[in-house]
Amino acid sequence: MDTITINAKGISVSLDLTVGHIADMSIESGGRQLRPLHRAPWVDASETLPQDLPQGTVRLSGDFLCAPFSRSDVEEAPLHGWPANSAWDVVESGATEGGWRAVFRLRHKVMGASVDKIFTLRDDHPFLYQEHVFSGGSGAISVAHHPMTAMKGGGRLAFSPKRFAATPADPLEPDPARGRFMLAYPSRSSDLAHFPAAGGGTLDLTDYRMEDRREDFLTLVEADHGGPGWTALARQAEDDLVLVLKNPAELPVTMLWFSNGGRDYAPWSGRHLGVLGIEDGRTAIGHAASLGDNWLKREGVATAFALGEGVSFRHVIGALPLSAGEPPREITTADGRLRLAGSAASEVPFDSDFLRIGQPAAA
């Protein structure tokens, strides 16, 4: 069994057990099937891929746990660590009152810690509730979720309040013979609608344009606002709203990966189009950098969890039919509801206690 599918009323989620990636997610809403997550075009194509690819790239889909995020340069492991590249076992999977709960365990240890992935679905909730738990181990680990969505006609983005956005020192694809980018590196801005561009001027980070062939990466640092951290993407052609939510005390940064035909070499080959990674984490770029002195720590932002006493963090992914073509101005969660404020206000069922907003996170 390489894939397991779990269901509750109105929602199903499939996990690729070979690498711990979400292979599919389907939400029934308003007589429609919404599929908010991306799957790389080569995964099901039965084509010959370059030999040196990590399994997480070979099977790239949906969302997965990165531990560490990016380079594994403290403990030997592939890009994004063993949780994104190796097998998970089903520990339990069964119906609960009003939904379904499944627990998966990574066969590998990470810094000596065992790692559990817990999926919870609730009847008529258009969300996947996820928790990851590290038990035991020593040292510290950087982590991130890696949800990816894809668009055929672009989209508009909105976010919970951020302090600023920043690009790293170097672009993902600096060689024009291999790819291209559009943002300035390194750079930063507190105005997400006006981020410095590589060729001068600015670009609007809230506008995903299909004509912009690019491979860009940047980090958004959460402001201190006391509510959930969230990203909302109004996908135009798909006519839906993709939602990603976190507890900023646990995952204080959101990294955006714009992947729109910006890599020309295999397996990307210019065909990885309209993809946006919305990667909530507690990390710098690379394990060693996350544990050492780094620019985020100097901004007062935690970039790793200390292992040993037990670590847990939570995350939510969902989708709704799009109203009025624009993302919300504000999202709040309380009293078992998620409320969207904006041009078309609405609310849906939501486990408002799940993200533990206001509770202290582990160190």
Asks: Would you mind checking if Asp16 and Arg59 are paired as a salt bridge, meaning a charged N to carboxylate O distance below 4.0 Å?
Replies: yes
Asks: Test side chain to side chain contact (heavy atoms under 4.5 Å, CB included) on Leu65 and Leu106; report intermediate values, then the result.
Replies: CA-CA 11 Å; Leu65 171 65; Leu106 183 67; over 6 Å; no
Asks: Could you tell me if Ser142 and Thr303 have a donor-acceptor pair between their side chains, going purely by distance under 3.5 Å?
Replies: no
Asks: Using distance alone, with no hydrogens and no angle criterion, decide if Trp257 and Glu215 have a side-chain donor and acceptor under 3.5 Å apart.
Replies: yes
Asks: Check whether Val103 and Val311 end up in the same hydrophobic cluster, where Ile, Leu, Val, Met, Phe, Trp and Tyr are linked by side-chain heavy atoms less than 4.5 Å apart.
Replies: no
Asks: Regarding Arg314 and the six-membered ring of Phe354, is the cationic atom NZ or CZ under 6.0 Å from the ring centre and inside 45° of its axis?
Replies: yes
Asks: I need the minimum non-hydrogen distance between Ser290 and Ala284, along with the two atoms involved.
Replies: OG-N, 2.9 Å
Asks: Go through the side-chain N and O atoms of Asp280 and His315 and say whether any donor and acceptor fall under 3.5 Å apart.
Replies: yes
Asks: If you draw a 6.0 Å radius around CD in Glu211, do more than 12 non-hydrogen atoms from other residues or ligands fall strictly inside?
Replies: yes
Asks: Using distance alone, with no hydrogens and no angle criterion, decide if Thr18 and Gln55 have a side-chain donor and acceptor under 3.5 Å apart.
Replies: no
Asks: So which atom in Ala165 and which in Leu192 form the shortest heavy-atom distance, rounded to 0.1 Å?
Replies: CB-CD2, 3.6 Å
Asks: With hydrophobic residues grouped by side-chain heavy-atom distances under 4.5 Å, do Trp100 and Ile22 end up in a single group?
Replies: yes
Asks: Given side chains that start at C-beta, do those of Met210 and Asn260 come closer than 4.5 Å, heavy atoms only?
Replies: yes
Asks: So which atom in Gln359 and which in Asn247 form the shortest heavy-atom distance, rounded to 0.1 Å?
Replies: O-ND2, 4.4 Å
Asks: Could you grab the distance from atom OG of Ser160 to atom CD1 of Ile331, nearest 0.5 Å is fine?
Replies: 8.5 Å
Asks: Checking Leu37 against Ile317 for the side chain to side chain contact (heavy atoms under 4.5 Å, CB included) test, could you report, in this order, the C-alpha distance in whole Å, the side-chain angles of both residues, the deciding distance, and whether it holds?
Replies: CA-CA 9 Å; Leu37 296 180; Ile317 302 171; 4.2 Å; yes
Asks: Under a plain distance cut-off of 3.5 Å, with no hydrogens placed, do His132 and Lys117 share a side-chain donor-acceptor pair?
Replies: yes
Asks: For salt bridge (Lys or Arg N to Asp or Glu O under 4.0 Å), just list the numbers for Asp116 and Arg105, CA-CA rounded to whole Å, side-chain angles, deciding distance to a tenth of an Å, and then say yes or no.
Replies: CA-CA 4 Å; Asp116 286 357; Arg105 182 161 297 152; 2.6 Å; yes
Asks: With side chains defined as the heavy atoms from C-beta onward, is the minimum distance between Arg101 and Ile118 less than 4.5 Å?
Replies: yes
Asks: Checking side-chain polar atoms at under 3.5 Å, does Gln236 have a donor or acceptor matched by the opposite partner on Tyr208?
Replies: no
Asks: What heavy-atom pair brings Ser189 and His194 nearest, and what distance separates the two atoms?
Replies: OG-O, 3.1 Å
Asks: Tell me, do Arg122 and Thr120 make a side-chain contact under 4.5 Å, heavy atoms counted?
Replies: yes
Asks: Taking the side chain as C-beta and beyond, is there a heavy-atom pair between Val13 and Leu121 under 4.5 Å?
Replies: yes
Asks: Salt bridge between Asp24 and Arg39, side-chain N to carboxylate O under 4.0 Å?
Replies: no
Asks: Could you check if a side-chain atom of Trp88 sits within less than 4.5 angstrom of a side-chain atom of Pro83, using non-hydrogen atoms only?
Replies: yes
Asks: Using distance alone, with no hydrogens and no angle criterion, decide if Ser190 and Lys162 have a side-chain donor and acceptor under 3.5 Å apart.
Replies: no
Asks: Could you go step by step and tell me if Tyr185 and Phe217 meet the ring-ring contact (aromatic ring centres under 6.0 Å, His included) rule?
Replies: CA-CA 10 Å; Tyr185 293 80; Phe217 178 88; 8.7 Å; no
Asks: Nearest 0.5 Å, what's the CG-OG1 distance between Asp191 and Thr202?
Replies: 8.0 Å
Asks: May I have the step-by-step check of salt bridge (Lys or Arg N to Asp or Glu O under 4.0 Å) for Arg180 and Asp175, ending in yes or no?
Replies: CA-CA 7 Å; Arg180 62 207 57 81; Asp175 182 353; over 6 Å; no
Asks: According to a hydrophobic-cluster definition based on side-chain heavy atoms being under 4.5 Å apart (Ile, Leu, Val, Met, Phe, Trp, Tyr only), do Val43 and Val58 belong together?
Replies: yes
Asks: Between Asp124 and Val348, is there a side-chain heavy-atom distance shorter than 4.5 Å?
Replies: no
Asks: Could you walk me through whether Arg71 and Asp73 pass the salt bridge (Lys or Arg N to Asp or Glu O under 4.0 Å) check?
Replies: CA-CA 6 Å; Arg71 295 182 297 274; Asp73 48 9; 3.7 Å; yes
Asks: Determine whether Met25 and Ile11 make a side-chain contact, defined as any pair of heavy atoms from C-beta on separated by less than 4.5 Å.
Replies: yes
Asks: Using ring-ring contact (aromatic ring centres under 6.0 Å, His included) as the criterion, point out the one residue from His145, His38, His146 that pairs with Phe64.
Replies: His146
Asks: Take Glu238 and Arg32, measure what salt bridge (Lys or Arg N to Asp or Glu O under 4.0 Å) needs, and give me the verdict at the end.
Replies: CA-CA 11 Å; Glu238 293 77 10; Arg32 299 170 55 201; over 6 Å; no
Asks: Assess the residue pair Thr149 and Arg235 against the criterion (side chain to side chain contact (heavy atoms under 4.5 Å, CB included)); give the C-alpha distance rounded to whole Å, side-chain angles, the decisive distance to 0.1 Å, and a yes or no.
Replies: CA-CA 9 Å; Thr149 188; Arg235 299 194 296 178; 3.2 Å; yes
Asks: Check Ile357 against Pro228 and note the closest heavy-atom contact, atom names and distance.
Replies: CD1-CA, 3.7 Å
Asks: Taking only residues two or more places apart in sequence or in another chain, which ones pass salt bridge (charged side-chain N to carboxylate O under 4.0 Å, His left out) with Glu299?
Replies: Arg163, Arg188
Asks: Hey, could you give me the OG1/CD distance between Thr219 and Glu279, rounded to the nearest 0.5 Å?
Replies: 9.0 Å
Asks: Evaluate side chain to side chain contact (heavy atoms under 4.5 Å, CB included) for Ser61 paired with His21, printing each intermediate quantity in order.
Replies: CA-CA 6 Å; Ser61 61; His21 293 214; 3.6 Å; yes
Asks: Set out, in order, the CA-CA distance, both residues' side-chain angles and the distance that settles side-chain hydrogen bond (donor to acceptor under 3.5 Å, both in side chains) for Thr254 and Lys246, then state yes or no.
Replies: CA-CA 9 Å; Thr254 298; Lys246 65 176 184 176; 3.0 Å; yes
Asks: Would you indicate whether the side-chain heavy atoms of Asp212 and Met182 approach each other to under 4.5 Å?
Replies: yes
Asks: Does Glu131 pair with Arg356 as a salt bridge, N-O distance under 4.0 Å?
Replies: yes
Asks: More than 12 heavy atoms of other residues, nucleotides or ligands under 6.0 Å from CD of Glu309: is that the case?
Replies: no
Asks: Please determine whether residues Val316 and Phe313 belong to a single hydrophobic cluster, defined as Ile, Leu, Val, Met, Phe, Trp and Tyr linked transitively by side-chain heavy-atom distances below 4.5 Å.
Replies: no
Asks: Parallel, tilted or perpendicular: which describes the rings of Phe127 and Phe350, with under 30° parallel and over 60° perpendicular?
Replies: perpendicular
Asks: With hydrophobic residues grouped by side-chain heavy-atom distances under 4.5 Å, do Ile278 and Leu355 end up in a single group?
Replies: no
Asks: Hey, do the aromatic rings of His80 and Phe69 have their centres closer than 6.0 Å?
Replies: yes
Asks: If we ignore angles and hydrogens, is there a donor and acceptor under 3.5 Å between the side chains of Trp230 and Thr333?
Replies: no
Asks: Taking NZ, NE, NH1 and NH2 as the nitrogens, is one of them in Asp216 or Arg214 under 4.0 Å from a carboxylate oxygen of the other?
Replies: yes
Asks: Between atom OG of Ser72 and atom CH2 of Trp82, what is the distance when rounded to the nearest 0.5 Å?
Replies: 8.5 Å
Asks: With a 6.0 Å cut-off on the ring centroids, do Tyr129 and Phe119 count as close?
Replies: no
Asks: Do the ring centers of Phe181 and Phe258 come within less than 6.0 Å of each other?
Replies: no
